[in-house]
Amino acid sequence: MQTRFGSVGSLEEGKEPAVTTRSKTPPLRVLQLFGLFLALCMAFFMISIYTIRHFGAYSVIATVKSNIVPCDEDETTSLDHWRKPPSNLLHSMSDEELLWRASFMPRIKKYPFNRVPKIAFMFLTKGPLPLSPVWERFFDGHQGLYSVYVHSLPSFDAEFPPSSVFYRRQIPSQVSEWGKMSMCDAERRLLANALLDISNEWFILLSESCIPLYNFSVIYHYIKKSKYSFIGAFDDPGPHGQGRYNESMAPEVNLTQWRKGSQWFEINRKLAVNLVEDITYYPKFEQFCRPACYVDEHYFPTMLTIQASNLLANRSITWVDWSRGGAHPATFGSADITEEFFTRIYEGHECRYNDQPSSICFLFARKFAPSALEPLLQIAPKVLGF
């Protein structure tokens, strides 16, 4: 028995130990994460299929691309760059650059957007605008139908509140002298800056001593419905007309084409472009029309007569009083502002409007002194209509 048990024990001890193999299973946490990942992938896949079926493949791509902007893309690629007026009038362009930029003109007459034509009111002044309260009242309630530009001495710093129509409406300017080419340069500078706003259709040159004779609606529709631009251009055979002509201006300008007119005008956009793009007549007038040839009375009237006489009404719409004589018209102060005074301006005039007789010949008047401001504000509602 013992031997048997011993042999059995030996056999048991002599056996090689059995190798037990256990299958290692992943921890439960790993399985949960893997399941969540599969669920997310499946959800993204299903959403993508749904989006493509309902919106198309490009909408998915566009969503990704929308945050990527090419480094060479800027606002100049948008139509708004051409449609909207400059946000800041104080640009850094030279006169040469400005005139070149302002000479751009669309060849297609129909605009690809809703364009409301505006009147550009251009004030040529030495400095302050003492009658600005009159103009503020005149413009009130007509936003979107007008724009304002002011050319003053470069040293003048205008201080208007943000609520004013004149707030930040000064353009880069230079010194201009009466009767010299620098005066025409200032006028062309005003025109060029106003042309940068594609909605400006008509351009009126005014001074700090001008006032409107009617309310805004009357003036706007008078200008809008006119077939002609209002600039004086007449043949004066006397010493202050043809007597100022210099034969050296030929052949560009002949004596038969020489014209004279008031400095204060209204012109349409086409004629404004003609004036700012001119390089033919400007040198002749600059060189050969110097005091006692007053270039601001001859340059624009003569040039536009040569180029587009059929578009000119050949009269100014700014009333002045030369009855007192002298080199300058009469100036009116506080004591002059009466209803009888304005009756004299309104009545007794005859002119032609769209080739028909008319008694409404003037829309503006000058020259009014700063002392006229208060009586003008008092009489305006009854007499001027605003």
Side-chain angles (χ1 to χ4, degrees), residues 84-93 98 102 116-176 183 185-220 223 263-266 272 317-318 331 363-378 380-381 384-386:
K84 293 182 178 180
S87 58
N88 188 355
L89 297 185
L90 296 179
H91 54 75
S92 59
M93 288 184 284
L98 173 65
V116 178
K118 299 191 296 186
I119 298 178
F121 291 83
M122 309 179 302
F123 291 84
L124 181 58
T125 172
K126 293 181 179 179
L129 290 165
L131 303 179
S132 60
V134 174
W135 288 100
E136 299 274 6
R137 187 184 294 181
F138 168 78
F139 288 123
D140 186 41
H142 300 283
Q143 289 77 7
L145 296 177
Y146 69 88
S147 51
V148 174
Y149 302 85
V150 180
H151 186 292
S152 59
L153 291 174
S155 58
F156 177 72
D157 186 16
E159 295 183 0
F160 290 100
S163 59
S164 172
V165 298
F166 295 100
Y167 180 66
R168 294 183 176 178
R169 302 309 297 175
Q170 282 183 279
I171 66 169
S173 60
Q174 297 182 27
V175 175
S176 57
M183 183 66 72
D185 291 336
E187 295 170 11
R188 295 176 85 204
R189 205 172 290 126
L190 279 164
L191 286 169
N193 278 277
L195 281 166
L196 297 183
D197 184 345
I198 194 66
S199 293
N200 286 332
E201 183 63 27
W202 307 284
F203 305 79
I204 300 175
L205 183 67
L206 303 158
S207 75
E208 72 273 19
S209 66
C210 286
I211 66 165
L213 293 175
Y214 297 92
N215 63 43
F216 184 90
S217 296
V218 171
I219 291 179
Y220 182 87
I223 297 296
Q263 176 184 5
W264 315 104
F265 60 77
E266 178 277 325
I317 50 175
T318 300
T331 299
L363 303 183
F364 308 94
R366 62 187 300 268
K367 303 171 58 177
F368 291 86
S371 64
L373 175 61
E374 289 304 322
L376 282 172
L377 291 174
Q378 293 175 10
L384 304 180
F386 59 87

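The heavy-atom pair separating P86 from D197 by the smallest distance is CD-N, 4.5 Å. The heavy-atom pair separating T318 from C210 by the smallest distance is CG2-SG, 4.4 Å. Between S176 and A186, the closest heavy-atom pair is CB-CB, 4.0 Å. For A272 against L191, the heavy-atom pair with the smallest separation is CB-CD2, 4.0 Å. Taking each heavy atom of F160 and S132 in turn, the nearest pair found is CE2-OG, 3.9 Å. For I171 against L89, the heavy-atom pair with the smallest separation is CG2-CD1, 4.3 Å.
Using a 4.5 Å heavy-atom threshold, the side chains of S152 and K126 count as separate. Using a 4.5 Å heavy-atom cutoff, the side chains of L363 and I223 are in contact. W264 has its side chain within reach of S207: a pair of non-hydrogen atoms, C-beta onward, lies under 4.5 Å apart. Residues F386 and V134 form a side-chain contact, since some pair of their non-hydrogen atoms from C-beta on lies under 4.5 Å apart. Counting heavy atoms from C-beta outward, P212 and W135 have side chains that approach closer than 4.5 Å. Residues F203 and I119 form no side-chain contact, since every pair of their non-hydrogen atoms from C-beta on lies 4.5 Å or further apart. Side-chain contact check for E208 versus F123: every heavy-atom pair is 4.5 Å or farther apart. Looking at E187 and L124, their side chains come closer than 4.5 Å, going by heavy atoms from C-beta outward.
Distance alone, capped at 3.5 Å, places no donor-acceptor pair between the Q174 side chain and the P154 backbone.
Within 6.0 Å of atom CD in E159, 12 or fewer heavy atoms from other residues, nucleotides or ligands are found, so the atom counts as exposed in its surroundings.
Taking NZ of K118 as the reference point, atom OG of S147 lies at 4.5 Å (rounded to 0.5 Å). To the nearest 0.5 Å, atom CG of residue L98 and atom CE of residue M93 are 5.0 Å apart. Atoms OG1 and CZ, on T331 and F368 in that order, are 10.0 Å from each other to the nearest 0.5 Å. With values rounded to the nearest 0.5 angstrom, F138 atom CZ is found 13.5 Å from L131 atom CG.
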TODO: May I have the step-by-step check of side-chain contact (heavy atoms from CB on, under 4.5 Å) for V165 and F121, ending in yes or no?
DONE: CA-CA 11 Å; V165 298; F121 291 83; over 6 Å; no
Task: Working for side-chain contact (heavy atoms from CB on, under 4.5 Å), residues S217 and H142 - done: CA-CA 8 Å; S217 296; H142 300 283; 3.5 Å; yes
- [ ] Give the intermediate values and the outcome of side chain to side chain donor-acceptor pair (under 3.5 Å) for residues N193 and H151.
- [x] CA-CA 10 Å; N193 278 277; H151 186 292; over 6 Å; no
- [ ] For the pair L206 and M122, evaluate side-chain contact (heavy atoms from CB on, under 4.5 Å) and give the outcome as yes or no after the intermediate values.
- [x] CA-CA 6 Å; L206 303 158; M122 309 179 302; over 6 Å; no
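Side-chain atoms of N200 and Y146 include no donor-acceptor pair closer than 3.5 Å.
Both tests pass for R169 against the ring of Y149: distance under 6.0 Å to the centre and angle within 45° of the axis.
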